[in-house]
*Asks:* 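Submitted below is the structure of interest, expressed as structure tokens.
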Amino acid sequence: MIPFVNLIAQRAAYKTELEQAEKAVLDSGCFVGGPIITEFEKKLENFCGIKHALTCGSGTEALTIALMALGVSCEDEVIVPDFTFIAPAECVAGLGAKPVFADIDPETLQISTKSVQALITPKTRGIIAVDLFGQCAPYKALREIAMQNHLWILEDAAQAFGAKVHTNEGARYACTFGDIAITSFYPSKPLGCYGDGGALFTNNDEYAAKIRQIANHGSSKHYLHEIIGLNSRLDALQAAILQVKMNHFEAELAIRQKNAQKYDEFFADLHGIRPQKIAEGNTSTYAQYTLLVDNRNDFIAKLDQAQIPYCIHYPMALHQQPCFGNVSNRNSAEEASNKALSLPVCAFTDVDFIINQMRQIL
Ligand SMILES: *Cc1c(COP(=O)(O)O)cnc(C)c1O
């Protein structure tokens, strides 16, 4: 069976480099913090073109830390997209605040700015925008709404580290659009480590200091704890692995994009199946290559028969989840959850083979 994300082939391709880097950390006796973390954070800053990159324990922890740094508390409302992984809504609720679910654009599947506008109340503090499946959310319009209503934007780029938006002023990378942005280094993300890992990004010095303090037990001076924080950090070993993978990252993204283009061409002629629309100016990382399939069950039966792996990202809108009350409201997020299906697209996937198999069954 073809793996959905081929981490084994990726490791084989960079094996010598990875083993050298891993051994150096293990022999150094320095496993938490240290020069390799500082070096990796610099590398992230240079890559994105941002002032501060701060590593932490996971994408989910990064979201919680960001919300704490932004001062979210009980009674506050935070607008989150209704169609995404649960983490953004979960972290808002975890701090006692209320996630308010915005509908999505039925074509790009990104948060709908019209829906955001309609949900703003006096209690709204900010917007979490998710760069879903690897393309950036509509930040130009979101920023206008945020400015008019004195809201912050938290960019969840867990799936989109390396994505670009091309504007008249040139290209700008994901993780630079939010007042604070986050990403995840979970193994199957476009840039993944061998366990959990994450990072926060900001151009704001005060937020950066606050983030460091919160992630370090609310302390900015040894054994002095000014506020209640938590413990969240990236291991040195993971940073070393990520540094190696970063050397190959742009090349991998180019292959992902080529793979996606091959799928686009194949599905262009098929009725009842359309790929997630990539908005003008956006370059996706294709964390997932996602299709909207009118008759998904039939399509799945055929994929099973041809032994082609797939994932359903995501089988329900967030408002349908039991923890959020499970009420149906028949919006575009629900429709997407009934039609969405993702195919393997990573740099070590033989997309020509998969397309050939599909040609015989579709
Ligand atoms: C993966 C993901 C997260 C969480 O990242 P972890 O590192 O797994 O905690 C958050 N948001 C989105 C959109 C994700 O895809």
Side-chain angles (χ1 to χ4, degrees), residues 2-14 17-18 43-44 47-48 59 84-85 108-110 130-137 155-166 171-176 183-194 197 199 241-268 273-292 303 308-314 340-358:
I2 305 161
F4 191 75
V5 179
N6 200 341
L7 296 175
I8 294 174
Q10 188 199 41
R11 179 157 181 89
Y14 315 144
E17 268 176 279
L18 282 167
K43 211 163 172 165
L44 292 174
F47 183 95
C48 298
T84 183
F85 185 56
T108 64
L109 311 180
Q110 306 292 353
V130 175
D131 299 337
L132 195 68
F133 304 142
Q135 72 166 320
C136 285
E155 177 184 4
D156 179 344
Q159 306 179 356
F161 182 80
K164 282 183 215 164
V165 179
H166 301 273
R172 191 166 151 190
Y173 277 93
C175 299
T176 66
T183 198
S184 163
F185 303 123
Y186 183 78
S188 62
K189 306 279 178 182
L191 180 65
C193 60
Y194 292 152
I241 289 158
L242 286 164
Q243 290 229 37
V244 171
K245 289 206 190 182
M246 258 186 112
N247 296 335
H248 304 277
F249 185 57
E250 294 271 23
E252 282 199 14
L253 284 183
I255 301 172
R256 278 177 181 273
Q257 283 151 7
K258 200 170 281 174
N259 285 343
Q261 199 184 338
K262 287 177 185 174
Y263 280 134
D264 282 348
E265 283 161 16
F266 176 69
F267 288 113
I273 301 181
R274 61 196 163 93
Q276 174 198 24
K277 185 181 162 189
I278 305 299
E280 205 185 315
N282 272 7
T283 308
S284 179
T285 60
Y286 292 100
Q288 329 289 354
Y289 181 84
T290 301
L291 298 163
L292 296 170
L303 292 176
I308 298 167
Y310 61 86
C311 287
I312 306 294
H313 299 116
Y314 296 91
L341 180 141
S342 307
L343 290 172
V345 71
C346 86
F348 297 88
T349 301
D350 187 348
V351 167
D352 294 323
F353 176 80
I354 293 174
I355 288 175
N356 254 325
Q357 295 291 98
M358 285 197 294

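When reading the values below, keep in mind they use all heavy atoms of this one structure, side chains included, and skip hydrogens, waters and symmetry mates.
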*Asks:* When rounded to the nearest 0.5 angstrom, what distance separates CZ in Phe249 from CG in Leu242?
*Replies:*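 If I round to the nearest 0.5 Å, the distance is 10.0 Å.
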
*Asks:* Taking C-beta and beyond as the side chain, do Ile354 and Pro344 meet within less than 4.5 Å on heavy atoms?
*Replies:*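 In contact.
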
*Asks:* Could you label the plane-to-plane angle of the Phe348 and Tyr14 rings as parallel, tilted or perpendicular, counting under 30° as parallel and over 60° as perpendicular?
*Replies:*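 Answer is perpendicular, since the angle exceeds 60°.
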
*Asks:* After noting the C-alpha distance and the side-chain angles of Tyr289 and Phe267, does the key distance pass the side chain to side chain contact (heavy atoms under 4.5 Å, CB included) rule?
*Replies:* CA-CA 12 Å; Tyr289 181 84; Phe267 288 113; 4.0 Å; yes

*Asks:* Under 4.5 Å between any side-chain heavy atoms of Tyr194 and Leu18, yes or no?
*Replies:*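 Sidechains of Leu18 and Tyr194: in contact.
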
*Asks:* Applying side chain to side chain contact (heavy atoms under 4.5 Å, CB included) to Asp156 and Asp131, what does each step give before you reach the verdict?
*Replies:* CA-CA 6 Å; Asp156 179 344; Asp131 299 337; over 6 Å; no

*Asks:* Do you know which two heavy atoms are closest between Leu253 and Gly162, and how far apart they sit?
*Replies:*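 Looking at all heavy atoms of both residues, the shortest contact is CD1-O, 3.8 Å.
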
*Asks:* Is there side-chain contact between Val351 and Leu343, with heavy atoms separated by less than 4.5 Å?
*Replies:*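 Val351 vs Leu343: side chains apart.
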
*Asks:* If you define the side chain from C-beta out and look only at heavy atoms, does anything of Thr176 sit under 4.5 Å from Glu155?
*Replies:*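 Of all side-chain heavy-atom pairs linking Glu155 with Thr176, none is under 4.5 Å.
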
*Asks:* Looking at side-chain heavy atoms only, is the closest gap between Lys245 and Gln10 below 4.5 Å?
*Replies:*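 Counting from C-beta outward, Lys245 and Gln10 do come under 4.5 Å.
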
*Asks:* I'd like to know if the side chain of Asn6 reaches the main chain of Thr349, judged simply by a donor and an acceptor atom lying under 3.5 Å from each other, with no hydrogens or angles considered.
*Replies:*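 Looks like no, no N/O pair under 3.5 Å.
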
*Asks:* For residues Phe133 and Thr285, report the shortest heavy-atom separation together with the two atoms involved.
*Replies:*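 Answer, listing the atom of Phe133 first, then Thr285: O-OG1, 4.4 Å.
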
*Asks:* What closest approach, in Å, do Arg256 and Pro190 show between heavy atoms, and which atom pair accounts for it?
*Replies:*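 It is NH2-CA, 3.6 Å.
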
*Asks:* Ring-plane angle category for Phe185 and Phe161, please: parallel below 30°, perpendicular beyond 60°, tilted otherwise.
*Replies:*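 Answer is perpendicular, since the angle exceeds 60°.
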
*Asks:* Among side-chain atoms of Lys43 and Asn247, is any donor-acceptor pair under 3.5 angstrom?
*Replies:*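 Yes, a side-chain donor-acceptor pair sits under 3.5 Å.
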
*Asks:* If you measure from CD on Gln357 to CG on Leu303, what distance do you get to the nearest 0.5 Å?
*Replies:*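 Those atoms lie 11.0 Å apart.
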
*Asks:* Under the side chain to side chain contact (heavy atoms under 4.5 Å, CB included) rule, what do Asp350 and Ile2 come out as? Steps first, then yes or no, please.
*Replies:* CA-CA 9 Å; Asp350 187 348; Ile2 305 161; over 6 Å; no

*Asks:* Taking all atoms of both residues into account, what is the closest heavy-atom pair of Ala137 and Gln110, and its distance?
*Replies:*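 In terms of heavy atoms, the two residues are closest at CA-OE1, 4.2 Å.
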
*Asks:* Rounded to the nearest 0.5 Å, what's the gap from OG1 on Thr84 to CG on Leu109? Could you check?
*Replies:*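 Output value for this atom pair is 11.0 Å.
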
*Asks:* Could you check if a side-chain atom of Phe4 sits within less than 4.5 angstrom of a side-chain atom of Cys311, using non-hydrogen atoms only?
*Replies:*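 The answer is yes, as the side chains (C-beta and beyond) meet within the 4.5 Å cut-off.
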
*Asks:* For the NE2 atom of His166 and the CD atom of Glu280, what is their distance to the nearest 0.5 Å?
*Replies:*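 With rounding to 0.5 Å, NE2 (His166) is 11.5 Å from CD (Glu280).
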
*Asks:* Would you say Gln276 and Gln288 are linked by a side-chain donor-acceptor pair, where the criterion is simply a distance under 3.5 Å?
*Replies:*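 No, Gln276 and Gln288 have no side-chain donor paired with an acceptor closer than 3.5 Å.
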
*Asks:* Which pair of non-hydrogen atoms, one from Gly134 and one from Ala163, has the smallest distance, and what is that distance?
*Replies:*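 Scanning both residues, the minimum pair turns out to be O-CB, 3.2 Å.
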
*Asks:* Hey, what do you get for SG (Cys136) to CG (Asn282), rounding to the nearest 0.5 Å?
*Replies:*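 Between Cys136 SG and Asn282 CG, I get 6.0 Å after rounding to 0.5 Å.
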
*Asks:* With a 4.5 Å heavy-atom cut-off, do Leu132 and Thr290 have their side chains touching?
*Replies:*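 With C-beta onward as the side chain, the pair stays apart.
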
*Asks:* Closest approach of Ser284 and Ile278, non-hydrogen atoms and distance?
*Replies:*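 Ser284 and Ile278 have their closest heavy atoms at CB-CD1, 3.9 Å.
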
*Asks:* Could you tell me whether the side chain of Thr183 and the main chain of Ala157 form a donor-acceptor pair under 3.5 Å?
*Replies:*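 Yes, because the side chain of Thr183 sits within donor-acceptor range (under 3.5 Å) of the backbone of Ala157.
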
*Asks:* Counting heavy atoms not belonging to Lys262, are there more than 12 under 6.0 Å from its NZ?
*Replies:*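 Yes, the 6.0 Å shell around NZ holds more than 12 heavy atoms from other groups.
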
